[in-house]
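One structure below.
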Amino acid sequence: MAIEKPINTAVVGCGQWGVKVVSAFARMNALAAVSDADVEQANKIAQDHHVPAMDWPSILEDHSITAVAIVTPAKDHANMIEQAIRAGKHVYVEKPLALSSSDAEAVAALVSRSASTFMVGHILQYHPAFLALKSRVQQGQLGRVRFIRSARFGPGRIRQDEDALWCLAPHDISMILGLTGQQPESVRAHGSSFLRAGIADTVNCRLTFADNLEAEIAVSWAHPYKHRSLVVTGDKGTLVFDDDQPWASKLRYFENTLTWKKGCPTFNQGCSEAISVEEREPLMEQIKHFVECVRTARRPITDVREGLSVINVLEAATNAMRDQTGMPTKSLAQKIPMVDLKVQQRLIKAKLDERIANVLHEGQYVWGREIKELEQKLASYTGCEHVITCSSGTDALLLALLAIGLLPGDAVLVPAFTFVATAEPIVLLGATPIFVDIDPVSLCINPDLIAKGVEAARKAGCRPVGMITVDLFGRPADYTRLHSISSDLGLWLIADGAQSFGASVAGKRVGSLACMTTTSFFPAKPLGGYGDGGAIFTSDAELAAKLRSIHQHGQGDHRYHCVRLGMNSRLDTIQAAILLEKLEVFPKELENRQIVAARYASFLKGIVRTPHPPPPETNVCHAWATYTIRLKNRAALQEHLKSVGIDSIPHYPDPLHKLAPYEKYPTIEGGCPVAEEATSEVLSIPFHPYLDENTQWLVSHAVRQFVASQTC
Ligand SMILES: Cc1ncc(COP(=O)(O)O)c(C=O)c1O
């Protein structure tokens with residue numbers, strides 16, 4: 001008796017479907033190993049089947065493993081097939097074979113040059129009911145086939161790599177091509193995205209073959225229950241394969257009931273018959289076929305050519321769908337603003353109304369009790385001892401500089417890439433800003449260049465006294481290094497945290513990271529009011545006392561006792577009342593900001609330069625005031641986004657030293673090329689803590705569309 005060649009298969013991918021494939025190979029005594037990116041899951045399945053769990057490189061290297069079954073996400077198929085074929089393995093791959101015709105063609109070329117067996121998991125080609133249907137069609141029971149209609153509906157997991165067409169229709173296309181034995185002459189398709197913008201979840205596709213044979217495929221994830229049917233109509237009758245029926249009635253034959261009387265079509269009650277089909281598990285049949293093909297070196301029914309034909313139809317349908325639907329722009333009936341806080345307002349409206357009504361009732365529009373309450377709550381949130389609220393983030397900086405005693409002839413180092421407000425108060429006080437280049441990753445002031453800033457100040461004949469750091473876009477500057485450098489150089493450090501309220505470093509929040517920190521409550525800021533506002537944070541009691549005095553005309557012991565030069569810069573009571581309610585929801589919003597930023601990062605990965613999040617080991621929490629991407633042709637992208645109703649803002653289009661009022665002030669030697677490049681590329685896209693995934697998808701899709709149009 002001939003001894004059967006052992007087929008040792010490693011099943012790669014132990015997800016929902018993967019475990020079924022694993023069992024099928026095990027039942028065929030052809031399972032040698034399992035593998036999954038989720039090592040715990042792989043170990044569990046391996047234990048259940050008494051085989052080892054292995055990683056992909058080890059599987060490829062292991063000569064005792066003769067075949068692989070690839071049950072991973074479709075985006076990985078083409079690569080994995082190539083590696084497996086080059087390693088001399090037989091390959092079974094789940095549908096779709098690849099995600100493009102070009103990938104499928106490359107696979108086909110490789111397979112045709114190899115001695116390996118290759119099979120695509122178009123499972124319905126192995127379904128006993130389909131095989132019975134196919135045999136009857138081939139025997140001519142229907143006469144000439146005129147029309148085929150295939151439907152595959154059911155609530156589905158919405159994928160990002162594939163739409164419903166690529167996920168569901170390979171089965172239908174495979175069956176239809178199996179019945180017709182030819183490629184369609186034309187393909188039309190229409191897709192709709194009801195569940196999530198940008199991904200077609202419902203697709204209707206029409207294939208036209210030679211001899212006026214038409215086939216229609218309808219697939220959808222937007223359906224409450226599973227429905228899978230194939231209807232083949234010929235001159236003599238119709239065969240219906242309804243996979244949702246019990247085995248006794250999965251396949252039915254309907255005699256043709258259409259007759260023509262005096263030129264009019266008439267339907268008659270025709271007879272129908274259920275065709276009995278032997279109950280056999282399609283997956284088992286399919287795996288059995290693969291194992292037999294490997295053993296006998298036969299070509300599988302669903303071999304690489306069959307797989308390629310299916311991909312060609314899928315790609316033609318995708319192209320047709322793109323030309324006809326214009327899905328993303330259609331769903332953009334509404335403009336997408338940079339910041340939309342309507343959801344926030346809905347959440348806290350009742351409490352806001354109550355707070356505002358209270359202020360109106362008490363009539364303390366200036367110095368109302370809400371000011372003190374807010375200052376206390378801000379102090380306890382940030383972990384600093386004193387908070388002095390004021391009229392804006394710009395005033396906060398001016399007050400801080402007045403308190404620290406900035407004089408004409410002094411020089412203050414500032415990053416060249418920031419909002420003008422960082423440098424403005426320095427100039428207003430007659431001192432000199434020195435522009436320092438930024439770090440290319442964090443975009444904050446580069447600690448390595450501080451010494452050069454001091455040199456530039458001295459060269460300009462000024463006394464270098466301090467620096468103002470900026471936590472650009474909400475990411476804290478490198479305070480650890482900046483503190484030690486500034487103290488070595490005898491500079492004070494003021495943190496401009498206008499964009500970074502809520503951010504933290506090693507658990508210490510912005511507000512407690514410098515001897516004085518300023519922030520802004522401008523509406524679009526992480527903690528924004530319904531108007532202008534700002535605050536200064538310090539744990540230095542002397543500075544705090546000075547700040548309190550300066551922001552109310554240099555007041556001494558009482559209102560009309562003036563002890564120093566000051567200004568009027570108070571926060572309105574009504575703004576404090578609003579901010580108190582906003583502070584309540586702020587921690588949750590900060591969490592949401594992380595989620596929204598991570599979502600953009602995944603949607604835009606590889607398309608444009610996305611912001612670098614702080615590495616986890618630095619223990620830095622980003623406040624994500626904006627989500628600011630980078631690309632070379634920023635102006636054209638902004639135009640494109642505008643044309644589809646999406647707002648965007650270049651934050652900021654010029655480095656400070658290139659703006660008229662600041663041109664005359666020095667930069668460090670060598671200038672600030674990193675800041676210059678960044679300002680020519682940055683573009684902030686809509687971002688706020690309540691931005692939903694759908695809207696982010698639309699924005700990202702528009703960016704992707706633009707980038708693709710540029711590379712075509
Ligand atoms: C970095 C930076 N500093 C200061 C400010 C000034 O804040 P405000 O607008 O509240 O005066 C802003 C505001 O945009 C800013 O982004």
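Read the numbers this way: they start at 1 and go in the same order the structure lists the ligands and their atoms. Along the sequence shown, residues carry numbers from 1.
Considering backbone and side-chain atoms alike, Asp395 places every N or O at 3.5 Å or more from each N or O of ligand 1. Between Asp532 and ligand 1, no pair of N/O atoms sits closer than 3.5 Å. Distances between N or O atoms of Gly393 and those of ligand 1 include at least one value under 3.5 Å. Some N or O of Ser520 is nearer than 3.5 Å to an N or O of ligand 1, by distance alone.
Atoms of ligand 1 lying under 4.0 Å from at least one heavy atom of Ala498, given by number and element, are 2 (C), 3 (N), 4 (C), 5 (C), 12 (C), 15 (C). Using a 4.0 Å cut-off to heavy atoms of Thr418, the atoms of ligand 1 that qualify are 1 (C). Residue contact check: Ser392 has heavy atoms under 4.0 Å from atoms 10 (O), 11 (O) of ligand 1. In the vicinity of Thr394, heavy-atom distances shorter than 4.0 Å reach the ligand 1 atoms 6 (C), 7 (O), 8 (P), 11 (O). The ligand atoms of ligand 1 that sit less than 4.0 angstrom from a heavy atom of Tyr652 are 16 (O).
Between the side chains of Ser391 and Ser569, a donor-acceptor pair is found at a separation under 3.5 Å.
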Can you give the donor-acceptor pairs under 3.5 Å from side chains of residues 519-534 to other protein atoms, not counting sequence neighbours?
unit_1	atom_1	unit_2	atom_2	d
Thr519	OG1	Gly497	O	2.8
Ser520	OG	Phe522	N	3.0
Tyr530	OH	Gln345	NE2	3.2

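Relative orientation of the His701 and Trp697 rings is tilted, given thresholds of 30° and 60° on the angle between their planes. Classification of the His657-Phe435 ring pair by plane angle, with boundaries at 30° and 60°, yields tilted. The aromatic rings of Phe473 and Phe417 sit perpendicular, their planes meeting at an angle over 60°, well past the 30° parallel limit.
Relative to atom 5 (C) of ligand 1, the option among Ser500, Pro523, Ala535, Ala421 with the closest non-hydrogen atom is Ala421.
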After noting the C-alpha distance and the side-chain angles of Thr610 and Tyr600, does the key distance pass the side-chain hydrogen bond (donor to acceptor under 3.5 Å, both in side chains) rule?
CA-CA 8 Å; Thr610 50; Tyr600 263 145; over 6 Å; no
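In this structure Arg346 satisfies the side chain to side chain contact (heavy atoms under 4.5 Å, CB included) test together with Lys342, Val343, sequence neighbours excluded.
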